[in-house]
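Letters A, B, ... mirror the listed sequences (proteins, then strands); counts begin at 1.
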Amino acid sequence: MATVERDPLTGTETTGHEWDGIKELNSPIPRWWVFTLWVCIVWGIGYVIVYPAWPSLSDYTRGFFGYSSRAELASELAQVKASRAGWLKRFEEASVVDVAKDNELLNYAMAGGRVIFADNCAPCHGSGGAGAKGYPVLADDDWLWGGTLEQVHETIRVGVRGTHDDTRDSSMPKFGVDEALDKAQIAAVADYVLALAGGSAGDAAAKEIYVEQCEGCHGEDGKGLHESGGPNLTDGIWLYGEGRDAVMAQINNPKHGVMPTWEGRLDGVSIKQVAIYVHSLGGGQ
Amino acid sequence: MKHAVFETNVVILTVAILITVSIGGLVQLVPLYTMESTIEKVDGMRPYSPLELAGRNIYVREGCYLCHSQMIRPFRDEAERYGHYSLAAESMYDHPFQWGSKRTGPDLARVGGKYSNDLHAAHLIDPRSVVPESIMPGYPFLAENDLEFDDIAEHLKTLRVVGTPYSDDQVANAAADLKAQASGDEDEAEAVLTRYPKAAVGNFDGDLARITELDALIAYMQMLGRLVDFTTYQPEKDYR
């Protein structure tokens, strides 16, 4: 190194580099910058001591605090559970009907049920239970599997054609595809069903087919049977579309909706809450 | 030591850089070779069935990961909405993993079994037909495209190269298993369920005559998050 040259004006060292008589100053790094650097280093050392940091050959340093994000979540959830314990106990001990009778629990259930519904149910049944083609409206008084609070609760718990052993299950035969009825018979019975829906008696010959093939699930008067999940045919609500063509298509090769089993995915208290919410949407019996 | 020593001597500078970078690299890399495993020991995790794998390939092709994560983080709000946090074990057969880093749509790590096949089909073809407020693009062509799976056994073999434990039996039956899983017939798919427990058997897109890309994608989604048996999993052992 050559002897250090100082800039006569500022007294600062130069780097010795010169361009056209202009020399580069070798100014020291600003004090605040150096200070920040050292603070970061000290903070880093502290962090490494208190939090998990260094891997070893078979493990890692746990840190002075023994921090674990998973353990923290577990304790946070345990705290939440403890803070809700009073409520949860009351929900667990009471049947869903008794919960709905208790005003305090009812308010709690409505608030919780609304949130549970929005995430889990609304994709099919629509916000507020408005329904869609193939997905039943929950805000009217037409219920495939019954509209009492207990029945709604059970349907949510086990699902429809779901994975639960006791799942709600019904299956309308493929009258056309399996050749149980020919095309003319399907048309006749569709007309009969539409007549029932319109409040008239319908054709006597078609009634014979209806009594033989349909009555078992849809009932003598076409008002449906909740035990077998047979829909009401007289209320003007058509899950898979209205009109003669849609009814004939459904008799020919029926569509069957699937609702997942919610037991196991939602806990018992949540199922009670969402059942109460659904029941309140407008059509609960 | 004066800084000028490093700044004015390129050999010393190079050696010093090498030492610094090596320390950083070794600390990160060496434990990965010496640790037995960083993956939790769980029951139920298995390689993807051929149909699920084909669906996964479509998931990757369409870039689903750009808007949907598959990573439930250990936070209370996520645990209450999506369920148990994701385990490393749950993506052990992902090449590459689909954790994602952006949630324009919801997390899909545990979407399996949450909705019906019909809903998935209708939603993928036209999201707003079932969820009016959705901003997801429609994928109607998935229902139109026949799934190409004549090379599905090769896919399984390729994954074997990177460590996915597909058996010879699974490779030999890959195409047959794929068809059986999409048949919607539980009896026909019995062998699939033996080789790939908990696989969703179904007529996913509502069209039995064809096996479409939609079939595969829905089969994949109906499996997501359902493989690990959480009744036997002890989280305390894997706190980290």
Visitor: I need the residue from B/Asn117, B/Asp238, B/Val30 with the largest number of non-hydrogen atom pairs under 4.5 Å to chain A.
Guide: B/Asp238

Visitor: How far apart are the C-alpha atoms of A/Arg70 and B/Glu40, what are their side-chain angles, what is the distance that settles it, and do they pass the salt bridge (Lys or Arg N to Asp or Glu O under 4.0 Å) test?
Guide: CA-CA 13 Å; A/Arg70 292 179 173 186; B/Glu40 306 91 349; 2.9 Å; yes

Visitor: B/Glu80 versus A/Val80: any side-chain heavy-atom pair under 4.5 Å?
Guide: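 They are in contact (side-chain heavy atoms under 4.5 Å apart), so the answer is yes.
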
Visitor: Under 4.5 Å between any side-chain heavy atoms of A/Met259 and B/Tyr115, yes or no?
Guide: no

Visitor: Under a 4.5 Å cut-off applied to non-hydrogen side-chain atoms, are A/Glu76 and B/Phe75 in contact?
Guide: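 No. Closest side-chain heavy atoms not under 4.5 Å.
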
Visitor: Can you tell if the side chain of B/Asp118 reaches within under 4.5 Å of the side chain of A/Val258, non-hydrogen atoms only?
Guide: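 Result no, sub-4.5 Å side-chain heavy-atom pair not found.
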
Visitor: Between A/Arg62 and chain B, with a heavy-atom cut-off of 4.5 Å, which part of the residue counts as in contact: side chain, backbone, both or neither?
Guide: side chain

Visitor: Are B/Val130 and A/Cys124 side-chain neighbours, meaning at least one heavy-atom pair lies under 4.5 Å?
Guide: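 Counting from C-beta outward, B/Val130 and A/Cys124 never come under 4.5 Å.
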
Visitor: Find the one option among A/Ser58, A/Ala122, A/Pro123, A/Cys121 whose heavy-atom pairs under 4.5 Å with chain B are most numerous.
Guide: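 Going by pairs under 4.5 Å, I would pick A/Pro123.
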
Visitor: Side chains of A/Tyr135 and B/Leu119: closer than 4.5 Å at any heavy-atom pair?
Guide: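 Yes. Closest side-chain heavy atoms under 4.5 Å.
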
Visitor: Counting heavy-atom pairs under 4.5 Å to chain B, which of A/Gly257, A/Gly126, A/Ala132, A/Ser69 comes out on top?
Guide: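 Of the options given, most contacts go to A/Ser69.
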
Visitor: Considering only heavy atoms from C-beta outward, does the side chain of A/Asp119 approach that of B/Lys114 to under 4.5 Å?
Guide: yes

